[in-house]
Structure formats: structure tokens, C-alpha cells
Amino acid sequence: MKIHLVGGFLGSGKTTAITNSCKVLLNKGIIASVITNDQGNYLVDTLFISQAEIATGEVSGGCFCCNYDELNSRIDTLKNDFNPSVIFAETVGSCTDLIAAVLKPLLTYRDSAIEEVTFSSFVDARLFLMHLMKIGLPFGAETNYIWEKQVEEAEILVVNKLDLLSPEESVTVKNLAKKVFPSKKLLFQNSLSSASVSDWIDVISQSGEKKEHHSIDIDYAIYGAGEANLAWLDEEIEFNSKDNSALKIAAEFIDNLTNSIMADNLPIGHLKFLLSYNNKSLKISFTTLTEMKKQEIEKSEKVGTVHLIVNARIQSTPEKLRQLVVDEIDRLQSKDNISIQEKCVSCFSPGFPNPTHRFA
Ligand SMILES: Nc1nc2c(ncn2[C@@H]2O[C@H](COP(=O)(O)OP(=O)(O)O)[C@@H](O)[C@H]2O)c(=O)[nH]1
Ligand SMILES: [Mg+2]
């Protein structure tokens, strides 16, 4: 069995690549499954992957590093229940030091004679190009430190969303990356394309024999501050309308919340919404460099009830982020044809990283 550990910042495209890779593998008759990970609960990604009929496990409420035993038991559960040949383990996007705190413990405590472990890191090609051209990233200094450490420790670095660069920018990013990181395995990918993820699958399928893994030097005080700069908000919101306008109102909520986060210049790690209505579901994501674009929601569809899951990871305080949601709900609630109920609200900053194991 192969365990593919997948790291990379919030919104870099890990879930997209993993979901498409599972589909490619399943089409070849190879059973692939996924373990998702997040500090929060009610995860859009887990629902999204399981809707693609891929077996999933979840370590929620904390990262793999700080909950190694849970990761270990999720691997065993998937193994016992589905006997997969491949397990993708997607780490929470604010985590780094994964070689020391996850990869080496997996290699040390699990049976490496029958399990191979690979480690890939994803970066958004647009942010990576900014980094290579020494243009500051849009986060605070400590959060940028996490992003840079994720790149530094990458063994296989997947420069993702290449389709969002111009042809000239693509050439520049490839040339600069090879020059600055000559010893890394570099892949340039569009994870929306099955052909493009197939190259990644080929690389990770063959790279299990790599024996030497180098833990990075890292200052946990800065890393912890970088995580503490971010606010997490997870909740479910139910929109009920008397005149079947629930979808239109939910779309208005998504637009307005996203606009107010941007208007306040709060850098977005990721902002994900999963809408469920009339036996359908729709995932909408915004990431760091997302331009506001037209929603794909068919607002004229008659819908009485919409369930919305919100996962927001924003550089802000939990109080401020929560207030933006409350203000928008209050504004929409004042319309007399709609009732809005929030459930399972959780809003916090991640705690200080304290790995279960760490191999220098
Ligand atoms: N254009 C483009 N969009 C992508 C690509 N990979 C992911 N995305 C989009 O980026 C957003 C975040 O992706 P996701 O896989 O959830 O990122 P994660 O937070 O790293 O798991 C989603 O809207 C994806 O559709 C890509 O290669 N090209
Ligand atoms: Mg994800």
C-alpha cells in the first residue's frame, strides 16, 4: 500500500488534485481513498470528496502532526474497511514541518516493509511566481514564514494552477523554479485536468524508494504565530423561504460575505461554501488571489430550503470574522420572506502546534 502525504497552503489545490487522481486511479481499477484533515469540523472537502464516491476518513479538530495517533487509526480503518492500494492524506493548509512530524513518524511506527510513504507539497503557481520574483506575499510575516517553510521542505513540489498563468509567466516560473530549487522534483500542473494529474500520479507511484528525508530547521514560535494570525470559521446555515427564494438569498449571502472580507482587505486562505438544495449540491471556493467572478448559482431556481456549509480560513481575528457573518445574516434576516438559522457555529484561531512526535 502507498500512503501519499500531501501538503501545501490553504487553497493551493490539494483536494482538487487528490479527487481527480482518485478518479484516474479508480478508472484503472486501483482502489484509492483519502484522509482529510483540518483544525475545524463540518468540512466542505470531506463532503465534496465523499460525494465523488471515494472512501474517506477525516482527522478534524486538529492537524495530523498534533494528532498522529488519530491519523494512524484512520489509516487502519480505511485499510480494514476498503483494502485500498493508495491512501492520500491531505494535511491542513496551515501546517508545515511535515517531514519531521508526520512523514518520519509514519515511516518509523508503521510497517515500512509493506507500506511506502511519499510526500508532495502544492503551491499556487501565481503565489510561487510572486515568491520567485521576490514580490511579497499577501499574508502577514509569520504566515508567509509557514508558506515559505512548506516550499523549503517540499520533496516533490507541485506548482499548481499553471493554467492561471499566461504562457510567458509559465515559462518564467519554470525557468526560475529550476534555477532556485535544482534539487527538488518539480511538477507544473493543472489539477482540473486528468492528463495533468496523471504525471503526478506517475511520479508518486514510482518514488517510494527514496530513503533520505531531511527535516527542516523551523522556529515554532514564528510558526505558531503564523497560525494564530488566521481565523477559522465553520458553520451550517439553513435558509428557509416562504416564496421559494432561498437559493437567491443564499447566493446573496455568499456574494456579500466574500465582498465584505475583500473590502476589509483580509487575506483569504480559503473560503469554501457547499450549498445543498433540491437533491443537488454545489461547491464554491475563493482563495488568496481569487478575483470576484460571477457565481455559477442558478438564482432563479425555485428553492424552499438551502443548507449551506461555510469553511472560512481568513487572516483576521475570530471575533471580526464572526461579526462579518452575523452582520450579513442580520441584514438578510430583516427581509420578511426568509428565515435563517445558524447551526454548529465554531470560530477560533488554531492552537500552538505541538506535534505528537518530531524527528529532527
Ligand atoms: N484554475 C485552476 N483552479 C484550481 C486548480 N486546482 C484547484 N483549483 C481551484 O482552487 C480552489 C481551491 O482548491 P482546493 O482543491 O479546495 O484547495 P485546497 O485547499 O488546497 O484543498 C478551488 O476553487 C479549485 O477548483 C488548478 O489547477 N487550476
Ligand atoms: Mg483541501
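Predicted, not measured: the structure shown is a model, and the values here were computed from it. Read the numbers this way: they start at 1 and go in the same order the structure lists the ligands and their atoms.
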Under a 4.0 Å heavy-atom limit, does [X] contact ligand 1 with its side chain, its backbone, both, or neither?
| X | value |
| --- | --- |
| Arg126 | neither |
| Asp163 | side chain |
| Lys161 | both |
| Thr287 | side chain |

[X]: numbered ligand 1 atoms lying under 4.0 Å from its heavy atoms:
| X | result |
| --- | --- |
| Lys283 | 16 (O) |
| Ser12 | 17 (O), 20 (O) |
| Ser285 | 22 (C), 23 (O) |
| His270 | 19 (O) |
| Asn190 | 26 (C), 27 (O), 28 (N) |
| Asn160 | 5 (C), 6 (N), 27 (O) |
| Ser191 | 6 (N), 26 (C), 27 (O) |
| Leu164 | 1 (N) |

Fill in: Steps toward ring pair (Phe, Tyr, Trp, His ring centres under 6.0 Å) verdict (Tyr109, His357)
CA-CA 10 Å; Tyr109 297 120; His357 307 285; 4.6 Å; yes

Fill in: Shortest-distance N, O or S atom of Asp45 relative to the Mg ion (ligand 2)
OD2

Fill in: Shortest-distance N/O/S atom, Glu90 versus the Mg ion (ligand 2)
OE2

Using distance alone, determine whether [X] and ligand 1 share an N or O pair under 3.5 Å.
| X | value |
| --- | --- |
| Gln189 | no |
| Gly11 | yes |
| Gly13 | yes |

Taking atom types as modelled and ignoring hydrogens, do the side chains of [X] and [Y] form a donor-acceptor contact shorter than 3.5 angstrom?
| X | Y | result |
| --- | --- | --- |
| His4 | Thr118 | yes |
| Thr305 | Asn240 | yes |
| Glu328 | Ser260 | no |
| Thr56 | Thr46 | no |
| Ser191 | Asn160 | yes |

Item to complete: Between Leu192, Val158, Ile49, flag the one that comes closest to atom 2 (C) of ligand 1 by a heavy atom.
Response: Leu192

Worksheet item: Does the pair Lys149/Asp217 count as a salt bridge with the N-to-O cut at 4.0 Å?
Response: no

Worksheet entry | N, O or S atom of Thr16 closer to the Mg ion (ligand 2) than 2.8 Å | no

Item to complete: Mark yes or no for whether Lys14, through its side chain, and Phe9, through its backbone, hold a donor-acceptor pair below 3.5 Å.
Response: yes

Practice prompt. Applying side-chain hydrogen bond (donor to acceptor under 3.5 Å, both in side chains) between Asn311 and each of Asp234, Asp45, Asp38, report the one that passes.
Written response: Asp234

Worksheet item: Which pair of heavy atoms, one from Leu127 and one from Pro138, lies closest together, and at what distance?
Response: CD2-CD, 3.9 Å

Item to complete: Give me the ring orientation class for Phe128 and Trp147: parallel if the planes are under 30° apart, tilted from 30 to 60°, perpendicular past 60°.
Response: tilted

Worksheet entry | Stepwise side-chain contact (heavy atoms from CB on, under 4.5 Å) check, Ser120 with Ile204 | CA-CA 8 Å; Ser120 305; Ile204 56 182; 3.5 Å; yes

